[in-house]
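Just follow the structure's listing: the first ligand is 1, and inside any ligand the first atom is 1.
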Amino acid sequence: MKRFGALATILLLGATQVMAAAEAPRLVLQITIDGLRGDLLDRYADNFGKGGFNYLRNKGVVYTNAHYLHANTETIVGHTTLATGATPSVHGMIGNVWYHADSGELGYNIEDAEAPLLPTRKDSAEGAQVDPAQKRARSSGRSPRGILAPTFSDTLKIATAGKAKIFGISGKDRSAVAMAGKAGTAYWYSTNNGDFQSSAYYMEKYPNWVNVWNGQGKAERLADKKWQLLLDPARYKLGDQDDRPYEIDLKGYGRTFPHPFGPANHPLFFTRVLISPEGDHLLLDFAKTLIEAEQIGQDEVTDYLSISFSAVDAVNHFFGPSSLENEDVVLQLDRTLADLFQFIDKQVGLDKTLIVFSADHGMAEMPEYATELGYDAGRIYSDEVLAMAREASDAIFGSDKLVKDFFRPYLYLDGDAISAKGLDRQNVATAIADELAKKTGIGGAIPVSRILTGNPSGPAAAVRYNHHPQRAGDVYIFQQPYWFMFDRGPVAAMHGSPWGYDTHVPIIFVGSGIDPARVGRLVHPIDVAPTLSALLNISPPAAAQGTALVEVLN
Ligand SMILES: [Zn+2]
(Lines give C-alpha, C1' and ligand atoms only; values in the text may rest on other atoms or scores of the structure.)
Protein backbone atom coordinates (compact mmCIF):
# COMPACT_ATOMS: atom_id res chain seq x y z
CA MET A 1 0.00 0.00 0.00
CA LYS A 2 3.00 2.22 0.56
CA ARG A 3 3.71 2.15 -3.17
CA PHE A 4 0.14 3.14 -3.94
CA GLY A 5 0.54 6.06 -1.52
CA ALA A 6 3.60 7.31 -3.36
CA LEU A 7 1.81 6.95 -6.66
CA ALA A 8 -1.15 8.93 -5.29
CA THR A 9 1.21 11.71 -4.22
CA ILE A 10 2.71 11.85 -7.68
CA LEU A 11 -0.75 11.88 -9.24
CA LEU A 12 -1.81 14.72 -6.91
CA LEU A 13 1.30 16.69 -7.82
CA GLY A 14 0.52 16.05 -11.46
CA ALA A 15 -3.03 17.27 -11.00
CA THR A 16 -1.85 20.48 -9.32
CA GLN A 17 0.50 21.16 -12.20
CA VAL A 18 -2.29 20.62 -14.69
CA MET A 19 -4.58 23.00 -12.84
CA ALA A 20 -1.88 25.63 -12.71
CA ALA A 21 -1.44 25.38 -16.45
CA ALA A 22 -3.74 27.14 -18.89
CA GLU A 23 -7.38 26.18 -18.60
CA ALA A 24 -8.30 23.38 -20.98
CA PRO A 25 -10.06 24.59 -24.14
CA ARG A 26 -13.79 23.99 -24.37
CA LEU A 27 -13.48 23.04 -27.99
CA VAL A 28 -10.85 21.51 -30.24
CA LEU A 29 -11.76 22.58 -33.75
CA GLN A 30 -9.89 20.61 -36.39
CA ILE A 31 -10.23 22.16 -39.82
CA THR A 32 -8.98 20.21 -42.84
CA ILE A 33 -9.08 21.61 -46.34
CA ASP A 34 -9.21 18.82 -48.88
CA GLY A 35 -6.42 19.32 -51.42
CA LEU A 36 -5.09 22.66 -50.14
CA ARG A 37 -1.48 22.42 -51.27
CA GLY A 38 1.06 23.96 -48.88
CA ASP A 39 1.93 26.95 -51.08
CA LEU A 40 -1.57 28.19 -51.90
CA LEU A 41 -2.23 30.31 -48.80
CA ASP A 42 0.85 32.46 -49.43
CA ARG A 43 0.08 32.62 -53.14
CA TYR A 44 -3.39 34.12 -52.62
CA ALA A 45 -2.79 36.04 -49.38
CA ASP A 46 -3.10 39.51 -50.98
CA ASN A 47 -6.85 39.08 -51.31
CA PHE A 48 -7.58 37.53 -47.91
CA GLY A 49 -9.77 39.42 -45.47
CA LYS A 50 -9.01 39.82 -41.77
CA GLY A 51 -10.98 37.11 -40.06
CA GLY A 52 -10.41 33.93 -42.09
CA PHE A 53 -7.04 32.55 -43.16
CA ASN A 54 -5.37 35.68 -41.78
CA TYR A 55 -6.81 34.98 -38.33
CA LEU A 56 -4.93 31.68 -38.48
CA ARG A 57 -1.84 33.11 -40.16
CA ASN A 58 -1.48 36.04 -37.77
CA LYS A 59 -2.45 34.38 -34.48
CA GLY A 60 -1.02 30.91 -34.95
CA VAL A 61 2.12 28.86 -35.23
CA VAL A 62 2.32 28.41 -38.99
CA TYR A 63 4.35 25.49 -40.37
CA THR A 64 5.37 26.27 -43.95
CA ASN A 65 7.23 23.03 -44.68
CA ALA A 66 4.94 20.24 -43.53
CA HIS A 67 4.98 17.05 -45.63
CA TYR A 68 3.22 13.73 -45.44
CA LEU A 69 5.59 10.80 -45.05
CA HIS A 70 3.47 8.32 -47.03
CA ALA A 71 3.47 7.84 -50.79
CA ASN A 72 -0.23 7.49 -51.62
CA THR A 73 -1.34 11.07 -51.00
CA GLU A 74 -5.10 10.49 -51.11
CA THR A 75 -8.02 11.74 -49.05
CA ILE A 76 -8.63 8.84 -46.66
CA VAL A 77 -4.91 8.31 -46.15
CA GLY A 78 -4.23 11.95 -45.23
CA HIS A 79 -7.27 12.38 -43.02
CA THR A 80 -6.60 9.18 -41.08
CA THR A 81 -2.95 10.20 -40.65
CA LEU A 82 -4.00 13.57 -39.21
CA ALA A 83 -6.53 11.82 -36.96
CA THR A 84 -4.29 9.05 -35.61
CA GLY A 85 -0.78 10.51 -35.73
CA ALA A 86 0.22 7.26 -37.44
CA THR A 87 1.29 6.38 -40.97
CA PRO A 88 -0.89 4.16 -43.22
CA SER A 89 1.47 1.24 -42.59
CA VAL A 90 -0.03 1.30 -39.09
CA HIS A 91 -3.54 2.83 -39.39
CA GLY A 92 -4.29 0.67 -42.42
CA MET A 93 -5.98 3.28 -44.63
CA ILE A 94 -3.51 2.78 -47.47
CA GLY A 95 -5.66 4.19 -50.25
CA ASN A 96 -9.14 5.17 -51.29
CA VAL A 97 -9.49 1.68 -52.78
CA TRP A 98 -7.68 -1.64 -52.28
CA TYR A 99 -8.25 -5.40 -52.62
CA HIS A 100 -10.16 -6.50 -49.55
CA ALA A 101 -8.94 -9.86 -48.26
CA ASP A 102 -12.42 -11.02 -47.18
CA SER A 103 -13.70 -11.34 -50.73
CA GLY A 104 -10.66 -10.85 -52.96
CA GLU A 105 -12.41 -7.87 -54.57
CA LEU A 106 -11.62 -4.20 -54.82
CA GLY A 107 -13.38 -2.26 -52.10
CA TYR A 108 -13.78 1.27 -50.82
CA ASN A 109 -11.86 2.35 -47.72
CA ILE A 110 -14.72 2.94 -45.26
CA GLU A 111 -17.36 0.72 -46.81
CA ASP A 112 -19.22 -1.45 -44.30
CA ALA A 113 -22.22 -3.52 -45.36
CA GLU A 114 -23.19 -3.84 -41.69
CA ALA A 115 -23.53 -0.08 -41.27
CA PRO A 116 -26.16 0.92 -43.85
CA LEU A 117 -26.77 4.56 -44.64
CA LEU A 118 -29.68 6.04 -42.75
CA PRO A 119 -32.29 7.21 -45.25
CA THR A 120 -32.55 10.95 -45.73
CA ARG A 121 -35.30 13.08 -47.15
CA LYS A 122 -35.47 11.85 -50.72
CA ASP A 123 -33.82 8.51 -50.67
CA SER A 124 -35.00 7.65 -54.16
CA ALA A 125 -33.12 10.51 -55.87
CA GLU A 126 -30.28 9.14 -57.95
CA GLY A 127 -27.40 11.48 -58.54
CA ALA A 128 -24.67 10.55 -60.99
CA GLN A 129 -21.57 9.28 -59.15
CA VAL A 130 -18.42 10.95 -60.43
CA ASP A 131 -16.12 9.99 -57.55
CA PRO A 132 -14.11 7.06 -59.00
CA ALA A 133 -13.30 5.72 -55.52
CA GLN A 134 -16.97 5.64 -54.47
CA LYS A 135 -17.79 3.61 -57.57
CA ARG A 136 -15.68 0.77 -56.14
CA ALA A 137 -17.75 0.48 -52.96
CA ARG A 138 -19.53 -2.86 -52.74
CA SER A 139 -22.18 -1.52 -50.37
CA SER A 140 -23.49 1.93 -49.49
CA GLY A 141 -22.82 1.34 -45.77
CA ARG A 142 -20.05 3.37 -44.13
CA SER A 143 -18.16 3.10 -40.84
CA PRO A 144 -14.70 3.59 -39.32
CA ARG A 145 -14.33 -0.16 -38.53
CA GLY A 146 -11.53 -0.59 -41.06
CA ILE A 147 -9.35 2.05 -39.38
CA LEU A 148 -6.79 0.09 -37.37
CA ALA A 149 -5.52 2.81 -34.99
CA PRO A 150 -7.27 5.03 -32.43
CA THR A 151 -7.80 8.67 -33.35
CA PHE A 152 -7.16 11.77 -31.27
CA SER A 153 -10.94 12.05 -30.93
CA ASP A 154 -11.16 8.47 -29.60
CA THR A 155 -8.43 9.27 -27.09
CA LEU A 156 -10.19 12.46 -25.95
CA LYS A 157 -13.34 10.44 -25.38
CA ILE A 158 -11.43 8.11 -23.05
CA ALA A 159 -9.62 10.95 -21.30
CA THR A 160 -12.92 12.69 -20.51
CA ALA A 161 -14.57 9.50 -19.24
CA GLY A 162 -16.89 9.52 -22.23
CA LYS A 163 -18.10 13.07 -21.66
CA ALA A 164 -16.52 14.86 -24.65
CA LYS A 165 -18.88 15.45 -27.54
CA ILE A 166 -17.20 14.35 -30.76
CA PHE A 167 -18.28 15.08 -34.32
CA GLY A 168 -16.72 14.88 -37.77
CA ILE A 169 -18.48 16.54 -40.69
CA SER A 170 -17.51 16.99 -44.33
CA GLY A 171 -18.55 17.21 -47.93
CA LYS A 172 -17.09 13.67 -48.26
CA ASP A 173 -17.93 10.56 -46.25
CA ARG A 174 -14.33 9.38 -45.78
CA SER A 175 -13.20 12.77 -44.47
CA ALA A 176 -15.96 12.91 -41.86
CA VAL A 177 -15.64 9.27 -40.77
CA ALA A 178 -11.85 9.23 -40.34
CA MET A 179 -11.78 12.29 -38.09
CA ALA A 180 -14.78 11.31 -35.91
CA GLY A 181 -12.99 8.05 -35.13
CA LYS A 182 -14.82 5.15 -33.55
CA ALA A 183 -16.12 7.10 -30.57
CA GLY A 184 -17.56 10.10 -32.42
CA THR A 185 -20.40 10.78 -34.85
CA ALA A 186 -19.94 11.56 -38.53
CA TYR A 187 -22.18 13.37 -41.01
CA TRP A 188 -21.44 14.01 -44.66
CA TYR A 189 -22.99 15.59 -47.75
CA SER A 190 -24.93 13.44 -50.17
CA THR A 191 -24.38 14.11 -53.87
CA ASN A 192 -27.74 12.35 -54.41
CA ASN A 193 -29.89 14.98 -52.74
CA GLY A 194 -27.82 17.64 -50.95
CA ASP A 195 -28.74 16.28 -47.51
CA PHE A 196 -26.26 15.50 -44.75
CA GLN A 197 -26.33 11.81 -43.95
CA SER A 198 -24.88 9.25 -41.56
CA SER A 199 -24.93 5.48 -41.08
CA ALA A 200 -26.28 2.87 -38.69
CA TYR A 201 -22.80 2.62 -37.16
CA TYR A 202 -23.46 5.92 -35.39
CA MET A 203 -27.18 5.99 -34.58
CA GLU A 204 -30.54 4.32 -35.15
CA LYS A 205 -32.19 7.46 -36.45
CA TYR A 206 -31.29 11.07 -37.06
CA PRO A 207 -31.77 13.59 -34.28
CA ASN A 208 -34.55 16.01 -35.06
CA TRP A 209 -32.21 18.89 -35.89
CA VAL A 210 -30.70 16.91 -38.78
CA ASN A 211 -34.15 16.16 -40.25
CA VAL A 212 -35.08 19.82 -39.88
CA TRP A 213 -31.85 20.95 -41.60
CA ASN A 214 -32.33 18.49 -44.45
CA GLY A 215 -35.99 19.44 -44.75
CA GLN A 216 -35.06 23.01 -45.58
CA GLY A 217 -33.63 21.86 -48.93
CA LYS A 218 -30.80 24.38 -48.82
CA ALA A 219 -28.89 22.84 -51.72
CA GLU A 220 -31.94 22.95 -54.01
CA ARG A 221 -32.22 26.67 -53.45
CA LEU A 222 -29.14 26.94 -55.67
CA ALA A 223 -31.10 25.56 -58.62
CA ASP A 224 -30.52 27.60 -61.79
CA LYS A 225 -27.99 29.77 -59.92
CA LYS A 226 -24.33 30.08 -60.86
CA TRP A 227 -20.91 30.07 -59.27
CA GLN A 228 -19.82 33.69 -59.76
CA LEU A 229 -16.42 35.22 -59.05
CA LEU A 230 -16.15 36.88 -55.63
CA LEU A 231 -14.01 39.80 -56.85
CA ASP A 232 -13.34 41.75 -60.02
CA PRO A 233 -11.30 39.50 -62.38
CA ALA A 234 -8.49 42.09 -62.47
CA ARG A 235 -7.80 41.46 -58.77
CA TYR A 236 -6.92 37.78 -59.26
CA LYS A 237 -3.43 36.43 -59.89
CA LEU A 238 -4.94 34.07 -62.47
CA GLY A 239 -7.65 36.45 -63.71
CA ASP A 240 -6.43 36.32 -67.30
CA GLN A 241 -6.22 32.51 -67.39
CA ASP A 242 -9.82 31.37 -66.91
CA ASP A 243 -10.00 29.13 -69.96
CA ARG A 244 -7.65 26.31 -70.72
CA PRO A 245 -8.59 23.65 -73.27
CA TYR A 246 -7.63 20.84 -70.91
CA GLU A 247 -9.94 21.94 -68.09
CA ILE A 248 -13.03 19.71 -67.75
CA ASP A 249 -16.47 20.88 -68.79
CA LEU A 250 -18.75 18.72 -66.65
CA LYS A 251 -21.63 18.34 -69.12
CA GLY A 252 -22.41 22.03 -69.31
CA TYR A 253 -20.80 23.28 -66.08
CA GLY A 254 -18.32 25.04 -68.38
CA ARG A 255 -14.63 25.90 -68.28
CA THR A 256 -15.14 29.62 -67.58
CA PHE A 257 -17.04 31.80 -65.12
CA PRO A 258 -19.87 31.88 -64.34
CA HIS A 259 -20.43 28.13 -63.84
CA PRO A 260 -24.16 27.23 -63.94
CA PHE A 261 -25.46 24.62 -61.47
CA GLY A 262 -28.43 23.92 -63.74
CA PRO A 263 -31.83 22.68 -62.60
CA ALA A 264 -32.13 20.71 -59.34
CA ASN A 265 -33.16 17.57 -61.21
CA HIS A 266 -29.98 17.50 -63.32
CA PRO A 267 -28.12 14.27 -62.41
CA LEU A 268 -24.96 16.28 -61.66
CA PHE A 269 -26.66 19.19 -59.84
CA PHE A 270 -25.65 18.23 -56.29
CA THR A 271 -22.16 17.28 -57.48
CA ARG A 272 -21.69 20.66 -59.17
CA VAL A 273 -22.73 22.37 -55.94
CA LEU A 274 -19.90 20.51 -54.24
CA ILE A 275 -17.49 21.63 -57.00
CA SER A 276 -18.00 25.27 -56.00
CA PRO A 277 -17.81 27.48 -52.91
CA GLU A 278 -21.45 26.60 -52.27
CA GLY A 279 -20.43 23.12 -51.07
CA ASP A 280 -18.38 24.78 -48.33
CA HIS A 281 -21.22 27.22 -47.55
CA LEU A 282 -23.60 24.31 -46.99
CA LEU A 283 -21.07 22.60 -44.72
CA LEU A 284 -20.64 25.83 -42.73
CA ASP A 285 -24.39 26.13 -42.34
CA PHE A 286 -24.67 22.51 -41.18
CA ALA A 287 -21.74 23.07 -38.76
CA LYS A 288 -23.43 26.09 -37.16
CA THR A 289 -26.64 24.14 -36.70
CA LEU A 290 -24.72 21.23 -35.15
CA ILE A 291 -22.80 23.49 -32.74
CA GLU A 292 -26.06 25.00 -31.45
CA ALA A 293 -28.13 21.83 -31.40
CA GLU A 294 -25.49 19.63 -29.77
CA GLN A 295 -24.32 22.42 -27.44
CA ILE A 296 -20.71 22.10 -28.48
CA GLY A 297 -18.18 23.81 -26.22
CA GLN A 298 -20.72 24.82 -23.58
CA ASP A 299 -19.09 23.27 -20.50
CA GLU A 300 -15.64 22.57 -19.01
CA VAL A 301 -15.31 19.22 -20.78
CA THR A 302 -13.34 19.70 -24.00
CA ASP A 303 -15.43 18.84 -27.07
CA TYR A 304 -14.08 18.00 -30.53
CA LEU A 305 -15.43 19.09 -33.89
CA SER A 306 -13.72 18.26 -37.17
CA ILE A 307 -14.83 20.15 -40.27
CA SER A 308 -13.32 18.99 -43.55
CA PHE A 309 -14.08 21.32 -46.46
CA SER A 310 -14.16 19.50 -49.79
CA ALA A 311 -14.64 22.18 -52.48
CA VAL A 312 -10.96 23.03 -53.09
CA ASP A 313 -10.15 19.43 -53.97
CA ALA A 314 -13.20 19.01 -56.18
CA VAL A 315 -12.34 22.22 -58.05
CA ASN A 316 -8.70 21.11 -58.40
CA HIS A 317 -9.70 17.87 -60.06
CA PHE A 318 -11.75 19.57 -62.79
CA PHE A 319 -9.82 22.82 -63.31
CA GLY A 320 -6.36 22.23 -61.80
CA PRO A 321 -4.62 23.93 -58.88
CA SER A 322 -3.37 26.86 -60.98
CA SER A 323 -6.76 27.97 -62.27
CA LEU A 324 -8.97 30.96 -61.70
CA GLU A 325 -11.48 28.52 -60.23
CA ASN A 326 -8.91 27.38 -57.65
CA GLU A 327 -8.03 30.95 -56.71
CA ASP A 328 -11.68 31.89 -56.32
CA VAL A 329 -12.69 28.83 -54.30
CA VAL A 330 -9.80 29.51 -51.88
CA LEU A 331 -10.77 33.20 -51.56
CA GLN A 332 -14.39 32.30 -50.93
CA LEU A 333 -13.26 29.73 -48.35
CA ASP A 334 -11.39 32.56 -46.63
CA ARG A 335 -14.75 34.35 -46.15
CA THR A 336 -16.41 31.08 -45.10
CA LEU A 337 -13.79 30.55 -42.39
CA ALA A 338 -14.17 34.16 -41.19
CA ASP A 339 -17.89 33.50 -40.81
CA LEU A 340 -17.18 30.25 -38.94
CA PHE A 341 -14.71 31.88 -36.55
CA GLN A 342 -17.11 34.74 -35.80
CA PHE A 343 -19.82 32.20 -35.02
CA ILE A 344 -17.49 30.14 -32.79
CA ASP A 345 -16.46 33.30 -30.97
CA LYS A 346 -20.09 34.12 -30.19
CA GLN A 347 -21.08 30.54 -29.24
CA VAL A 348 -17.97 29.22 -27.49
CA GLY A 349 -15.34 31.98 -27.46
CA LEU A 350 -12.27 31.84 -29.68
CA ASP A 351 -10.19 32.26 -26.51
CA LYS A 352 -11.63 28.93 -25.32
CA THR A 353 -11.13 27.20 -28.67
CA LEU A 354 -8.02 25.38 -29.85
CA ILE A 355 -7.90 25.38 -33.64
CA VAL A 356 -5.72 23.08 -35.71
CA PHE A 357 -5.69 23.59 -39.45
CA SER A 358 -4.23 21.40 -42.20
CA ALA A 359 -4.95 19.57 -45.46
CA ASP A 360 -5.11 15.90 -46.42
CA HIS A 361 -2.78 16.19 -49.46
CA GLY A 362 -1.65 18.69 -52.08
CA MET A 363 -2.18 18.64 -55.83
CA ALA A 364 -0.18 18.27 -59.05
CA GLU A 365 -0.40 20.78 -61.84
CA MET A 366 -2.14 19.48 -64.92
CA PRO A 367 0.47 17.79 -67.14
CA GLU A 368 -0.54 19.91 -70.17
CA TYR A 369 -0.01 23.08 -68.13
CA ALA A 370 3.33 21.80 -66.82
CA THR A 371 4.31 21.04 -70.43
CA GLU A 372 3.37 24.57 -71.53
CA LEU A 373 5.66 25.89 -68.82
CA GLY A 374 8.53 23.78 -70.17
CA TYR A 375 8.27 20.73 -67.96
CA ASP A 376 8.27 17.20 -69.39
CA ALA A 377 4.97 15.59 -68.39
CA GLY A 378 2.14 13.52 -69.75
CA ARG A 379 -0.74 11.23 -68.86
CA ILE A 380 -0.54 7.52 -68.20
CA TYR A 381 -3.81 5.70 -67.54
CA SER A 382 -4.47 2.75 -65.26
CA ASP A 383 -5.47 0.47 -68.14
CA GLU A 384 -2.13 1.21 -69.83
CA VAL A 385 -0.20 0.31 -66.67
CA LEU A 386 -2.15 -2.94 -66.41
CA ALA A 387 -1.53 -3.73 -70.08
CA MET A 388 2.21 -3.07 -69.70
CA ALA A 389 2.35 -5.33 -66.63
CA ARG A 390 0.54 -8.16 -68.47
CA GLU A 391 2.82 -7.72 -71.47
CA ALA A 392 5.88 -7.98 -69.23
CA SER A 393 4.43 -11.04 -67.52
CA ASP A 394 3.77 -12.69 -70.88
CA ALA A 395 7.25 -11.88 -72.21
CA ILE A 396 9.09 -13.13 -69.11
CA PHE A 397 6.90 -15.98 -67.85
CA GLY A 398 4.89 -16.93 -70.93
CA SER A 399 1.55 -15.94 -69.39
CA ASP A 400 -0.28 -12.66 -68.92
CA LYS A 401 -2.59 -14.33 -66.39
CA LEU A 402 -0.15 -13.85 -63.52
CA VAL A 403 -1.24 -10.21 -63.20
CA LYS A 404 -4.66 -9.87 -61.60
CA ASP A 405 -5.29 -6.13 -61.60
CA PHE A 406 -3.89 -2.66 -61.20
CA PHE A 407 -5.68 -0.16 -59.04
CA ARG A 408 -3.35 2.66 -58.26
CA PRO A 409 -1.03 2.65 -56.55
CA TYR A 410 -0.80 -1.16 -56.32
CA LEU A 411 -0.38 -3.90 -58.90
CA TYR A 412 -1.99 -7.14 -57.71
CA LEU A 413 -0.76 -10.56 -58.82
CA ASP A 414 -2.79 -13.76 -59.08
CA GLY A 415 -1.37 -16.11 -56.46
CA ASP A 416 -3.19 -19.19 -57.84
CA ALA A 417 -1.98 -18.62 -61.40
CA ILE A 418 1.59 -18.16 -60.13
CA SER A 419 1.45 -21.36 -58.03
CA ALA A 420 -0.04 -23.29 -60.95
CA LYS A 421 3.07 -22.44 -62.97
CA GLY A 422 5.33 -23.35 -60.06
CA LEU A 423 6.69 -19.83 -59.81
CA ASP A 424 7.63 -17.74 -56.80
CA ARG A 425 5.33 -14.75 -56.20
CA GLN A 426 8.10 -12.39 -55.11
CA ASN A 427 10.25 -13.25 -58.11
CA VAL A 428 7.34 -12.58 -60.45
CA ALA A 429 6.63 -9.25 -58.74
CA THR A 430 10.26 -8.19 -58.95
CA ALA A 431 10.65 -9.11 -62.61
CA ILE A 432 7.48 -7.28 -63.66
CA ALA A 433 8.38 -4.26 -61.50
CA ASP A 434 11.80 -4.00 -63.13
CA GLU A 435 10.18 -3.92 -66.60
CA LEU A 436 7.56 -1.34 -65.57
CA ALA A 437 10.18 0.92 -64.01
CA LYS A 438 11.73 1.42 -67.48
CA LYS A 439 8.54 2.82 -69.04
CA THR A 440 7.98 6.45 -69.87
CA GLY A 441 5.98 8.22 -67.18
CA ILE A 442 6.67 5.60 -64.50
CA GLY A 443 8.73 7.10 -61.68
CA GLY A 444 9.16 3.85 -59.79
CA ALA A 445 7.79 0.32 -59.45
CA ILE A 446 8.72 -1.25 -56.13
CA PRO A 447 7.93 -4.90 -55.32
CA VAL A 448 7.05 -5.87 -51.76
CA SER A 449 10.37 -7.64 -51.26
CA ARG A 450 12.18 -4.34 -51.79
CA ILE A 451 9.65 -2.29 -49.82
CA LEU A 452 10.42 -4.36 -46.74
CA THR A 453 14.20 -4.52 -46.97
CA GLY A 454 17.11 -2.11 -46.81
CA ASN A 455 17.09 1.48 -45.72
CA PRO A 456 15.00 3.28 -48.33
CA SER A 457 15.08 7.02 -48.94
CA GLY A 458 13.00 9.43 -51.02
CA PRO A 459 9.90 7.96 -52.68
CA ALA A 460 10.92 4.43 -51.64
CA ALA A 461 10.75 5.46 -47.97
CA ALA A 462 7.31 6.96 -48.61
CA VAL A 463 6.23 3.66 -50.20
CA ARG A 464 7.30 1.79 -47.07
CA TYR A 465 5.29 4.17 -44.85
CA ASN A 466 2.32 3.26 -47.04
CA HIS A 467 2.80 -0.50 -46.79
CA HIS A 468 0.29 -2.43 -44.73
CA PRO A 469 1.01 -6.15 -45.22
CA GLN A 470 -2.62 -7.33 -45.24
CA ARG A 471 -3.86 -4.61 -47.57
CA ALA A 472 -1.04 -3.64 -49.92
CA GLY A 473 -0.64 -5.14 -53.37
CA ASP A 474 2.45 -6.84 -54.83
CA VAL A 475 4.09 -3.84 -56.54
CA TYR A 476 3.76 -0.16 -55.64
CA ILE A 477 3.79 1.99 -58.80
CA PHE A 478 4.15 5.76 -58.92
CA GLN A 479 4.56 8.27 -61.72
CA GLN A 480 7.40 10.62 -62.65
CA PRO A 481 7.03 14.17 -61.30
CA TYR A 482 4.14 16.09 -62.90
CA TRP A 483 2.92 13.00 -64.70
CA PHE A 484 -0.75 12.10 -64.31
CA MET A 485 -1.47 8.46 -63.44
CA PHE A 486 -5.10 7.58 -62.88
CA ASP A 487 -8.19 6.10 -64.50
CA ARG A 488 -9.59 7.58 -67.69
CA GLY A 489 -12.52 9.87 -67.11
CA PRO A 490 -13.38 13.52 -66.47
CA VAL A 491 -10.33 14.31 -64.35
CA ALA A 492 -8.03 17.19 -65.32
CA ALA A 493 -5.60 17.03 -62.39
CA MET A 494 -4.71 14.46 -59.73
CA HIS A 495 -2.89 14.04 -56.47
CA GLY A 496 -1.66 10.75 -55.03
CA SER A 497 2.05 10.80 -55.87
CA PRO A 498 4.94 10.80 -53.38
CA TRP A 499 6.25 14.07 -54.86
CA GLY A 500 6.49 17.33 -52.91
CA TYR A 501 3.51 19.09 -54.48
CA ASP A 502 1.32 16.23 -53.24
CA THR A 503 2.89 15.79 -49.79
CA HIS A 504 3.14 19.52 -48.94
CA VAL A 505 0.32 20.86 -46.74
CA PRO A 506 -0.14 23.72 -44.29
CA ILE A 507 -0.23 23.04 -40.55
CA ILE A 508 -1.37 25.85 -38.23
CA PHE A 509 -2.18 25.80 -34.51
CA VAL A 510 -4.09 28.68 -32.91
CA GLY A 511 -5.22 28.89 -29.29
CA SER A 512 -4.92 30.54 -25.93
CA GLY A 513 -1.28 30.59 -24.81
CA ILE A 514 0.11 29.80 -28.28
CA ASP A 515 2.44 32.57 -29.49
CA PRO A 516 2.37 33.34 -33.21
CA ALA A 517 5.35 32.10 -35.21
CA ARG A 518 6.25 31.11 -38.75
CA VAL A 519 8.27 27.90 -38.75
CA GLY A 520 10.16 26.61 -41.78
CA ARG A 521 11.63 23.39 -40.46
CA LEU A 522 10.39 20.08 -41.84
CA VAL A 523 7.48 18.66 -39.86
CA HIS A 524 4.86 15.99 -40.63
CA PRO A 525 1.10 15.64 -40.24
CA ILE A 526 1.71 12.65 -37.91
CA ASP A 527 2.87 15.33 -35.45
CA VAL A 528 -0.58 16.95 -35.30
CA ALA A 529 -2.40 14.46 -33.05
CA PRO A 530 0.50 14.17 -30.55
CA THR A 531 0.66 17.99 -30.38
CA LEU A 532 -3.06 18.26 -29.66
CA SER A 533 -2.68 15.59 -26.99
CA ALA A 534 0.24 17.41 -25.35
CA LEU A 535 -1.70 20.68 -25.32
CA LEU A 536 -4.55 18.93 -23.53
CA ASN A 537 -2.32 16.98 -21.14
CA ILE A 538 -3.69 13.68 -22.37
CA SER A 539 -1.99 10.63 -23.87
CA PRO A 540 -1.30 10.70 -27.59
CA PRO A 541 -3.39 8.27 -29.67
CA ALA A 542 -2.16 4.73 -29.03
CA ALA A 543 -0.44 4.19 -32.40
CA ALA A 544 0.84 7.74 -32.92
CA GLN A 545 4.36 7.93 -34.34
CA GLY A 546 4.79 11.72 -34.50
CA THR A 547 6.28 14.11 -31.97
CA ALA A 548 4.62 17.07 -30.25
CA LEU A 549 5.66 20.29 -32.00
CA VAL A 550 7.75 22.36 -29.62
CA GLU A 551 6.86 25.74 -31.13
CA VAL A 552 3.22 25.13 -30.22
CA LEU A 553 3.93 23.86 -26.70
CA ASN A 554 6.20 26.80 -25.84
ZN1 LIG B 1 -8.53 14.78 -50.52
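Tally of protein N, O or S atoms closer to the Zn ion (ligand 1) than 2.8 Å: 4.
A distance-only check finds a donor-acceptor pair linking the side chain of T531 to the backbone of L549 [under 3.5 Å]. No donor-acceptor pair closer than 3.5 Å links the side chain of Q134 to the backbone N or O of D131.
S322 and E365 form a side-chain donor-acceptor contact under 3.5 Å, judged by distance and modelled atom types alone. Between the side chains of D339 and T336, not a single donor N or O lies within less than 3.5 Å of an accepting N or O.
Residues passing the side-chain hydrogen bond (donor to acceptor under 3.5 Å, both in side chains) test with Y410 are N466, sequence neighbours excluded.
For the residue pair I307 and A287, the shortest heavy atom distance occurs at CD1-CB, 3.8 Å.
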